Each structure stands twice: as C-alpha cells, then as structure tokens.
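All of these numbers come straight from a predicted model, not from anything done at the bench. Quick note on labels: first sequence line is chain A, next is B, and so on, each numbered from 1.
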Amino acid sequence: MCEGTATRLAFAVSVWTVIGFVLLPLSVVVWLSFFANRIISFPPTGYTLAWYARAWGVADFRNGLLLSLQLGGCATLGSLLLGAPAALALVRGRFPGREALSTLLLAPMIVPGIVGGSALFMAYIEFEVATDQQLAGTLPGLLAAHVLIARPWTVRLLTASLTGLDRAVEEAAANLGASPRRVFLLVTLPMVRPGVIAAALFSFVISFIDLEKSLFLVGPGRTTLQIAIVNYLEWNLDPTIGAVATVQILIITAALVVTDHYAKLSRVF
Amino acid sequence: MGATNPNRTGLLAVPAGLFVALFLLAPLALMFRYSLNRFAPGEMMEQALTLENYGKFLADGYYQGVLWTTLWTSGLATLICLVLGYPVAWFMARTTAPRLKSLLVIAIVVPLLMGNAVRSAAWMVVLGEKGMLAALVGALGLGERFGLLYTAPGVVIALVSVLLPFMIITLQSVLEGVSHSLEEAAMSLGASPRAAFVQVVLPLSLPGVLAGTSLCFILAMNAYATPVLVGGPQFHMMAPTVYQQVSKAMNWPFGAALAFVLMSVTLGLSIAANLLMQRRYRRWAE
C-alpha cells in the first residue's frame with residue numbers, strides 16, 4: 001500500500017512538472033515584462049510597468065499589432081465566407097468525390113508553412129511580372145495567404161458543429177411552411193451560432209500568430225507583429241519583448257477561453 | 001436548405017476549392033517547375049529542364065548536413081515529447097472534474113498557440129549565458145555561465161516546448177476514447193494496474209501515439225523561428241535554409257528544390273511510419 005502511494009505521488013509530481021515546463025515560456029515572458037533593468041539579470045533588481053509604454057512607442061510593434069489585428073479580422077471574415085458554405089457542403093452533400101474534396105480543403109494544413117510561403121511568393125512575383133500588379137508586400141497579397149491558412153480551421157470547427165445538429169428541427173420548420181431560406185436564417189444559423197463564434201475566434205488566432213507564410217509576403221512598413229518580434233530579437237533582448245509578448249498572450253488567451261466555451265478545444269486538433 | 005438536392009449542396013464548396021487551387025496548388029506546381037530551371041545570377045533564372053538542383057543537394061555535403069541536423073533534432077524532440085506527454089495526456093483524460101479539465105486544456109492550448117516568435121524569446125531569456133538557467137545553476141554552485149543558447153541541446157529543449165502541447169492534446173483526445181471501464185474490467189479480472197495499462201490502454205492508444213508523433217515530427221522538420229532564434233547563425237535547419245535561398249540569395253531553382261526535398265522527406269517518413277504501424281497494429285489485433 002505504501003509503495004502504491006509513493007508511485008502515485010511520483011506520477012503526480014512528474015505530470016505537474018511537465019505541465020510546468022509547458023507553461024514555462026509563457027510565465028517567463030510575462031515575468032520579464034516587469035523587470036526594472038534593461039539588461040536582463042536573474043533575479044531582477046526591481047519591477048516596473050514602463051516597458052508597456054515603451055513597447056507601444058516602438059513603431060514596428062505598434063504598427064505590427066494594428067496590422068495583425070486588422071489582418072486577423074479580415075482573414076476571419078474571409079475564412080467564414082469561404083468556409084461556412086464549404087462546411088455545409090461537406091456535412092450535407094452526398095456527391096461523388098466528397099472525400100477528395102475534404103482532403104483538398106484541408107490541404108493548406110498539411111503543406112508546411114515555409115514551402116507554401118515560398119511557392120506563393122514566387123507566384124506573386126510571377127503575377128507581378130505578367131500584369132504589373134504588385135501582390136507581394138501588399139495587404140491583399142498578405143490577406144489571401146492568411147485566408148488560406150485560417151480557412152481550413154474554420155471548416156474543421158464548423159463541420160464538427162454542423163454534424164452534431166438535430167435536423168428534425170429544420171424539417172419541422174420546413175413542414176410548417178418555412179421556405180428553405182427562412183429555415184436557414186431562422187433555424188439553422190441560430191443553432192450553429194456557437195460553432196461559428198468558436199470557428200471565427202480560432203481562425204483569428206491562427207492568422208494572428210502566423211509567421212512562416214507572412215515571412216515572404218511582408219513589405220517595408222507593412223510588417224505583422226510576429227515578424228516585428230523576430231526582427232527585434234535579432235538585435236535586442238530586453239523587457240520590451242516581454243511586454244509585447246504579454247499583450248499577445250492576453251489577446252490569444254481571451255480568444256481561446258471564449259472558443260473553449262462554445263466548442264471543445266481539446267477536439268479541435 | 002432542407003428541400004435542396006444534396007448533390008447540388010456540393011457546389012457550395014466550389015469557391016473554397018478554387019481558392020485552394022489558386023493560392024496553394026498552382027503556386028506549388030509553379031515552384032516545382034522552377035526547381036527544374038537553371039540559376040542565372042543577375043537575371044534570377046533561365047528556362048531549363050534539368051535535375052541539377054536536386055543533384056546539387058545530393059552532391060553538396062553542406063546541405064546533406066543541414067538535412068541530417070534537421071532529421072535528428074526533430075526525431076529526438078518528437079521522442080522526448082512522446083515520453084513526457086503521454087502521462088500528462090493520460091492524467092487529463094482521466095480527470096473527471098469539469099472545471100479542472102477545462103483549466104488543463106486551456107493551460108496546454110494557450111502555450112500551443114502563443115506564437116513561436118514569443119516562445120523563442122522566452123527560451124533566449126532562459127537559456128542565455130546570463131539567463132534564468134545559468135542563474136539557477138550558479139546559485140546551486142554547479143558552475144558559472146552555463147548557457148545553452150545557440151547550442152543543439154538548447155534547440156531540442158525549445159523544440160520540445162513547441163511540440164509538447166500538440167502531443168499532449170492529440171494523445172488526450174484518443175485516450176479520452178479509451179473507456180476507463182476497460183481498465184477496471186481488466187483489473188477486476190486480476191490484472192495489476194501496470195498490466196491493465198500495458199495490455200489494454202497502451203495498445204488501444206497506439207493510433208493516437210502515431211498521430212501525435214507524425215504531427216510533432218512534421219512540425220519539427222519545418223520549424224523556422226526556433227532554429228533561427230534559439231539555434232543562432234551557426235545552427236542550420238531546413239526551413240530557414242529554404243527561406244534564405246528563396247528570399248535572400250534569390251536562387252529560386254535551388255530554393256524550390258530544397259523546399260520539395262523537405263516536403264517529400266517529411267511526408268514520406270510520416271507515411272512510412274503510418275504504414276508500418278498499421279501492419280503492426282493489425283497483427284496485434286489478430
């Protein structure tokens with residue numbers, strides 16, 4: 001019995017240690033953001049809130065954050081516009097090649113970010129040479145890349161939510177004389193609303209943290225927050241980065257907590 | 001929608017499908033074509049139909065070394081993730097209190113999606129010569145200036161922290177499906193907890209182990225931020241090398257070839273692991 005208790009204790013300790021390791025990077029950057037000295041030393045000599053103001057004062061971070069928020073919002077909207085009908089087709093449709101279509105729609109998740117990013121960059125340049133229309137380094141070019149990577153997650157979350165839907169309710173509405181359009185707007189849509197909210201927030205996070213795809217497509221004066229962070233880290237390591245990271249973590253945590261409220265996060269991956 | 005023909009419902013996926021074709025498949029096809037062109041300094045490249053870019057990769061020891069570093073770093077990190085992640089996933093799957101469970105999922109998913117740039121920054125702070133780890137080692141009197149930044153072990157540690165949440169969440173969702181009553185049945189028939197785990201839970205969770213290791217390995221092979229920031233300028237992995245060739249050296253044919261080598265090695269190894277495991281699994285089930 002005594003041995004069993006010891007084993008159980010050792011197991012619990014190792015599990016919580018690993019969870020601590022997973023949370024370590026997050027805790028470190030949050031802690032760092034309050035360090036008083038610019039030169040990082042452990043333990044810190046004191047604490048301050050000044051780095052948050054300084055981070056906002058760095059133009060790359062401020063513009064990067066604003067661009068990433070804007071891009072995330074637009075990419076989410078685009079992903080929903082493309083993804084919601086696609087999810088409906090995958091769940092409700094009975095047609096040959098449905099499996100192949102599903103694979104095609106999820107393909108952007110499988111192709112590595114750097115590979116897809118290089119290919120898109122080359123295609124943009126080729127397009128520019130052919131038509132004199134610039135895409136690389138422009139907002140539309142960046143937006144298309146973000147829709148490409150966010151949309152599969154939209155489809156995945158919406159498919160899950162549509163699959164769990166009780167169709168009898170829709171049929172009842174149709175039997176009572178509602179047109180297909182009315183059924184969709186007044187019955188189907190309200191029923192999948194939690195799924196739509198979860199899909200939207202999750203897609204936003206995917207766009208917000210993207211690094212590899214954006215790497216090729218940002219232009220001078222048009223940098224996403226992730227790229228701004230990488231560029232800054234090449235030459236500097238100070239508590240400013242902690243402040244930026246903390247703000248980013250707060251945004252992401254908020255989005256994910258709400259997502260988890262509407263859809264089981266553990267089932268998303 | 002209730003009255004529409006389910007065959008026509010498929011048309012709703014056409015815009016999304018076209019989007020993937022236009023922004024993923026066509027660019028990939030174009031890049032593959034470029035990988036057969038010849039590099040011409042000054043004018044980017046000249047039209048050709050040659051395999052010499054792939055040949056250059058095979059002949060040049062430097063790039064072989066980069067691939068080798070990428071392979072062993074990814075393999076090691078994935079293995080460590082499996083060993084560390086499995087108990088946590090099991091613990092999460094067996095947690096019944098809904099509050100605690102939700103909290104645990106958030107505690108794993110937020111680090112998963114915190115962004116690789118920010119995570120790398122954290123490891124630079126921890127592993128640097130004057131970092132947290134060095135301070136800890138110094139305080140314990142075990143040595144001075146103990147830095148792992150810009151070393152291979154440092155990259156493996158940072159990669160493990162990128163991948164571990166993916167491993168845990170994948171394993172957890174599979175272990176969730178292995179009913180606790182199966183373990184109880186085995187134990188009530190006289191199996192020790194260890195035997196119940198090894199002979200019942202572990203075999204049933206193998207598909208999750210496979211899914212988790214494939215996912216982690218693919219992500220590790222294609223990691224960008226971690227090798228660049230934690231590995232430093234002397235540590236070379238494939239994804240940063242592809243970026244360097246395409247974006248900085250402007251050698252598109254060779255960069256394209258490297259990208260396809262990276263993608264085929266990654267996907268090839270995952271598919272091989274899948275097939276191998278499936279065969280094993282079938283034999284096990286019989």
Side-chain angles (χ1 to χ4, degrees), chain A residues 14-15 18-19 22-23 25-26 28-29 32 40-42 82-83 85-86 88-89 92-95 101 104-105 107-108 112 114-116 118-120 122-123 144 148 170-171 174 180 183-184 205 209 211-212 215-216 226 229-230 233 237 241 245 248-249 252-253 256-257 260 265-267 269, chain B residues 1-4 6-7 9-10 12-13 15-17 19-20 23-24 27-28 30-31 34 84 87-88 91 102 105-111 113-119 121-126 130 132 135 161 164-165 169-170 172-173 222 224-225 229 239 242-243 246-247 252 255 259 263:
Chain A
S14 55
V15 163
V18 174
I19 294 175
V22 169
L23 288 169
L26 196 149
V28 167
V29 286
L32 175 72
I40 299 168
S41 65
F42 287 91
L82 284 173
L88 208 58
R92 299 274 165 94
R94 294 285 166 271
F95 49 90
L101 181 70
L104 173 73
L105 290 181
I114 281 287
V115 177
S118 314
L120 201 54
M122 292 177 187
L148 185 72
E170 289 168 281
E171 279 156 16
V183 172
F184 182 73
V205 172
I209 61 168
L211 173 67
E212 284 90 348
L215 206 53
F216 294 92
Q226 304 312 308
I229 292 172
V230 171
L233 283 173
L237 189 60
I241 211 78
Q248 170 167 331
I249 289 166
I252 289 166
T253 308
L256 289 177
V257 168
D260 191 47
L265 260 186
S266 54
R267 296 279 160 84
F269 299 94
Chain B
M1 288 289 137
T4 45
N7 285 316
T9 312
L12 289 171
F19 194 83
V20 177
F23 287 93
L24 183 73
L28 281 177
L30 184 75
M31 184 162 79
Y34 284 174
L84 294 182
V88 178
F91 173 74
S102 223
V105 169
I106 291 285
I108 300 299
V109 175
V110 169
L113 293 168
M114 72 189 277
N116 286 337
V118 164
R119 195 192 340 255
W123 284 111
M124 288 167 83
V125 171
V126 173
K130 289 178 182 161
M132 211 169 102
S161 104
L164 195 50
I169 227 74
T170 313
Q172 186 236 350
S173 70
N222 293 287
Y224 177 82
L229 294 171
V242 170
Y243 174 72
V246 172
S247 197
W252 283 11
M263 195 161 74

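Within the model, atoms CG of A:L211 and OH of B:Y224 stand 7.0 Å from one another, a figure rounded to the nearest 0.5 Å. A:L148 contributes atom CG, which lies 8.0 Å from atom CZ of B:F23 (distance to the nearest 0.5 angstrom). Annotation: the span from B:L30 atom CG to A:S118 atom OG amounts to 12.0 Å, rounded to 0.5 Å. Atoms CE and CD1, on B:M132 and A:I40 in that order, are 12.0 Å from each other to the nearest 0.5 Å. The CD atom of A:E212 lies 5.5 Å from the CD1 atom of A:I114; values are rounded to the nearest 0.5 Å.
For the pair A:M122/B:P27, no side-chain contact is recorded, criterion being any heavy-atom separation below 4.5 Å from C-beta on. Counting heavy atoms from C-beta outward, A:F184 and A:L88 have side chains that approach closer than 4.5 Å. Contact of the A:F42 side chain with the B:V125 side chain is registered, since non-hydrogen atoms from C-beta on lie closer than 4.5 Å.
Within the 4.5 angstrom heavy-atom criterion, only side-chain atoms of A:L237, from C-beta onward, approach chain B. Looking at B:S161, both its backbone and its side chain come within 4.5 Å of chain A, counting heavy atoms on both sides. Both the backbone and the side chain of A:L120 come within contact range of chain B, each with at least one heavy atom under 4.5 Å from a heavy atom of that chain. If you measure heavy-atom distances from A:V15 to chain B, the contacts under 4.5 Å come from both the backbone and the side chain. For a residue to count as touching a neighbouring chain, one of its non-hydrogen atoms must lie under 4.5 Å from one of that chain's; by this rule A:V22 touches chain B with backbone and side chain alike. For A:E171, no part lies under 4.5 angstrom from a heavy atom of chain B. Heavy-atom distances place the side chain of A:L101, and not its backbone, under 4.5 Å from chain B. Heavy atoms closer than 4.5 Å to chain B are found in the side chain of A:I252, but not in its backbone. Of the two parts of A:L104, the backbone and the side chain both hold a non-hydrogen atom closer than 4.5 Å to a non-hydrogen atom of chain B. Using a 4.5 Å cut-off between heavy atoms, B:L84 contacts chain A through both its backbone and its side chain. Heavy atoms closer than 4.5 Å to chain A are found in both the backbone and the side chain of B:W252. At a 4.5 Å heavy-atom cutoff, the contact between B:L113 and chain A is made by backbone and side-chain atoms alike. Contact annotation for B:V105: only side-chain heavy atoms (C-beta onward) come within less than 4.5 Å of a heavy atom of chain A. Heavy atoms of B:L28 lying under 4.5 Å from chain A belong to its backbone as well as its side chain.
The minimum heavy-atom distance linking B:A122 with A:V29 is given by the pair CB-CG1, 3.7 Å. Contact between B:G115 and A:Q248 at its shortest, heavy atoms only, is CA-NE2, 4.0 Å. Pairing each heavy atom of B:A117 with each of A:V230, the nearest pair is CB-CG2, 3.7 Å.
When A:P112, A:A245, A:G116, A:G83 are compared by the number of non-hydrogen pairs under 4.5 Å with chain B, A:P112 comes out ahead. Among the candidates A:I229, A:V257, A:L256, the residue making the largest number of heavy-atom pairs closer than 4.5 Å to chain B is A:L256. Between chain B and the options A:A144, A:A123, A:P25, the largest number of non-hydrogen pairs under 4.5 Å is found for A:P25. Ranked by heavy-atom pairs under 4.5 Å with chain A, the list B:A135, B:P87, B:S173, B:P15 is led by B:P87. When each of B:V126, B:I108, B:V88 is checked for heavy-atom pairs under 4.5 Å with chain A, B:V88 comes out on top.
Judged by distance alone, the side chain of A:T253 and the main-chain N or O of A:I249 form a donor-acceptor pair under 3.5 Å.
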